[in-house]
Amino acid sequence: MTHVTAQTTVSLEKSQELFQRIAGSVAGGESNYVRVKNGLEMCFDRGEGARFWDVDGNEYIDFSLGYGPLIFGHKPPAVTQAVVDMITTRGVQFTFPYDLEADVAEMLVSSVHGVDLIRFCTTGTEAVSAAIRLARAYTGRDKIVKFEGQYHGWTDTMFISSYPDLERAGPDDRPRPVPGSKGTPRAAAELILPLGWNDVEAVERAFAEHPGEIAAVLTEPIMCNCGVIPPKPGYLQELRRITREHGALLIVDEVKTGFRVALGGATEYLGLRPDIVTWAKALGAGFPVAAFGGTREVMDLEARNEVMHGGTYNAHTVAIAAARATLTILRDDPELLASIWRRGERLKAGLQEAVRSAGHQAVCQGVGPLLQLYFTDGVEEITDYRSALRHVDMEKFSDFQGAFQDRGIYIHPDPLECFYVSTVHSDADVDEAIEAAGEAAHAIGR
Ligand SMILES: Cc1ncc(COP(=O)(O)O)c(C=O)c1O
């Protein structure tokens, strides 16, 4: 993640006091590396729908949505009620199979192309770790192709070359694996073949140079951890073709895109059939739940218990009740996803126009409810991680984020995060954000 600190002029006195207290006993004051890195000392009081309040009483329209899960906004009544009903009538932790698991699994299988069987877990990190182990077990190979600028969780298995320093990351056509954290064994990094995204030739070359060694290509279907970068037309289909030709699996990480871009995720939207898919975030509308699934042939290794996948809290009743309510609501009312698309597209066009009118070079990229504003040096498109690092003005984004926050609009301070639109953002919220973006863009100067 980029190291940019939020700058805001609204009063955060109580937040800072509370933050100091928390930091006295929680390392760094936050239980999350990304938040610590971004210098977020604002402390949260409460949320309601599309808005939240900090402890100083400042009110914000929230386009960060708790890193994305809050697809129905804060405190979604139906999902919250479903969880309360479940835990007050039946209990919290079973570790025995129960009816609601079947309901959720059936909805996942019927809505996502090519998925025959699934397994539940608690976080996206676990879902991707399980998917990678499964792919290695299925193919008997160890190496994983992943892409610079994509985040798949924080473990040693995947936090490699997610946001590498270009001085350590090797040439554009031969990236080197760079561990993302101190403490990651070099040996773990050696199992990763990092590549630039949206480049079919790079993938062809990796398979040609490592015959019979690559277990899987792991990719987000739309890059959402480097701003928002859509795939070039046909790119993902080429990944599908190449992986098939070489006997490797295609793992599509839908942790951010799942149940948001379409009920069946970006795989439905883009017409893709991966071997393994991972989900989290919107699946529980804020309650912690994740899953992975795939074709029967691959998932049978889990069914036969030939691959270890564990977790005390897997299929916990809070998780499953939340997922059941979320998927039922989205399935029964397709207008909800249609509305977040419309508002997302309007926000995207409006932000770009507002910021450009204030004299900045900027481009807003997105797919429906996922978008990001890049202040650029004039390039019209960001296509991969290295183009983001070379052409995006991270400092200017940071100034803009602070000025936006001053005007009551909250987006994540990291220039490589993204905006999320929920089903409870109104047209008026979008209008307010566009107007505030124009003011913020003027306020930061050129
Ligand atoms: C695409 C993707 N995969 C995996 C993860 C990890 O999910 P979690 O934070 O739930 O462990 C994230 C988190 O942002 C993500 O964006």
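Each ligand, and each atom within it, is numbered from 1 in the order the structure gives.
Under a cut-off of 6.0 angstrom, the local environment of CH2 in Trp341 is crowded, with over 12 non-hydrogen atoms contributed by other residues, nucleotides or ligands. Remark: Glu59 CD is packed, more than 12 non-hydrogen atoms of other residues, nucleotides or ligands lying under 6.0 Å away.
Residue contacts with ligand 1, taken as heavy atom pairs separated by less than 4.0 Å, involve Lys281 solely via side-chain atoms from C-beta onward. At a heavy-atom distance under 4.0 Å, atoms from both the backbone and the side chain of Thr125 approach ligand 1. Here Glu126 has no heavy atoms under 4.0 Å from ligand 1, in either its backbone or its side chain. Proximity of Thr278 to ligand 1, defined as any heavy-atom pair under 4.0 Å, is not found for any part of the residue.
Ligand 1 lies out of reach of Met158, whose nearest heavy atom is not under 4.0 Å from it. Distances shorter than 4.0 angstrom occur between a heavy atom of Tyr151 and an atom of ligand 1.
Classification of Glu204 and Arg241 as a salt-bridged pair holds, one side-chain N sitting under 4.0 Å from a carboxylate O. Comment: Glu381 does not engage Lys232 in a salt bridge, judged by the lack of any side-chain N to carboxylate O separation of less than 4.0 angstrom. For the pair Asp199 and Arg386, the salt-bridge criterion is not met [side-chain N within less than 4.0 Å of a carboxylate O]. Between Arg90 and Asp99 there is a salt bridge, with a side-chain nitrogen of the basic residue lying less than 4.0 Å from a carboxylate oxygen of the acidic one.
Within ligand 1, the atoms closer than 4.0 Å to a non-hydrogen atom of Thr123 are 10 (O), 11 (O), numbered from 1 in the order shown. Here is the list of ligand 1 atoms found below 4.0 Å of a heavy atom in Glu220: 1 (C). Below 4.0 Å from some heavy atom of Asp253 lie the following atoms of ligand 1, by number and element: 1 (C), 2 (C), 3 (N), 4 (C). Here is the list of ligand 1 atoms found below 4.0 Å of a heavy atom in Lys256: 16 (O).
For the salt bridge (Lys or Arg N to Asp or Glu O under 4.0 Å) with Glu345, the qualifying choice from Lys348, Arg343, Arg342 is Lys348, the only one to do so. Put simply, the residue from Val367, Thr383, Ile222 that forms a side chain to side chain contact (heavy atoms under 4.5 Å, CB included) with Pro231 is Ile222.
Using a distance-only test at 3.5 Å, with no hydrogens or angles considered, a donor-acceptor pair links the side chain of Tyr98 to the main chain of Ala315.
With respect to atom 16 (O) of ligand 1, the closest heavy atom belonging to the protein is Asn225 ND2, 2.9 Å. Distance from atom 8 (P) of ligand 1 to its nearest protein heavy atom, with residue and atom name: Gly124 N, 3.5 Å.
Proximity annotation for atom 12 (C) of ligand 1: of Leu218, Val255, Val252, Asn32, Val255 comes nearest, heavy atoms only.
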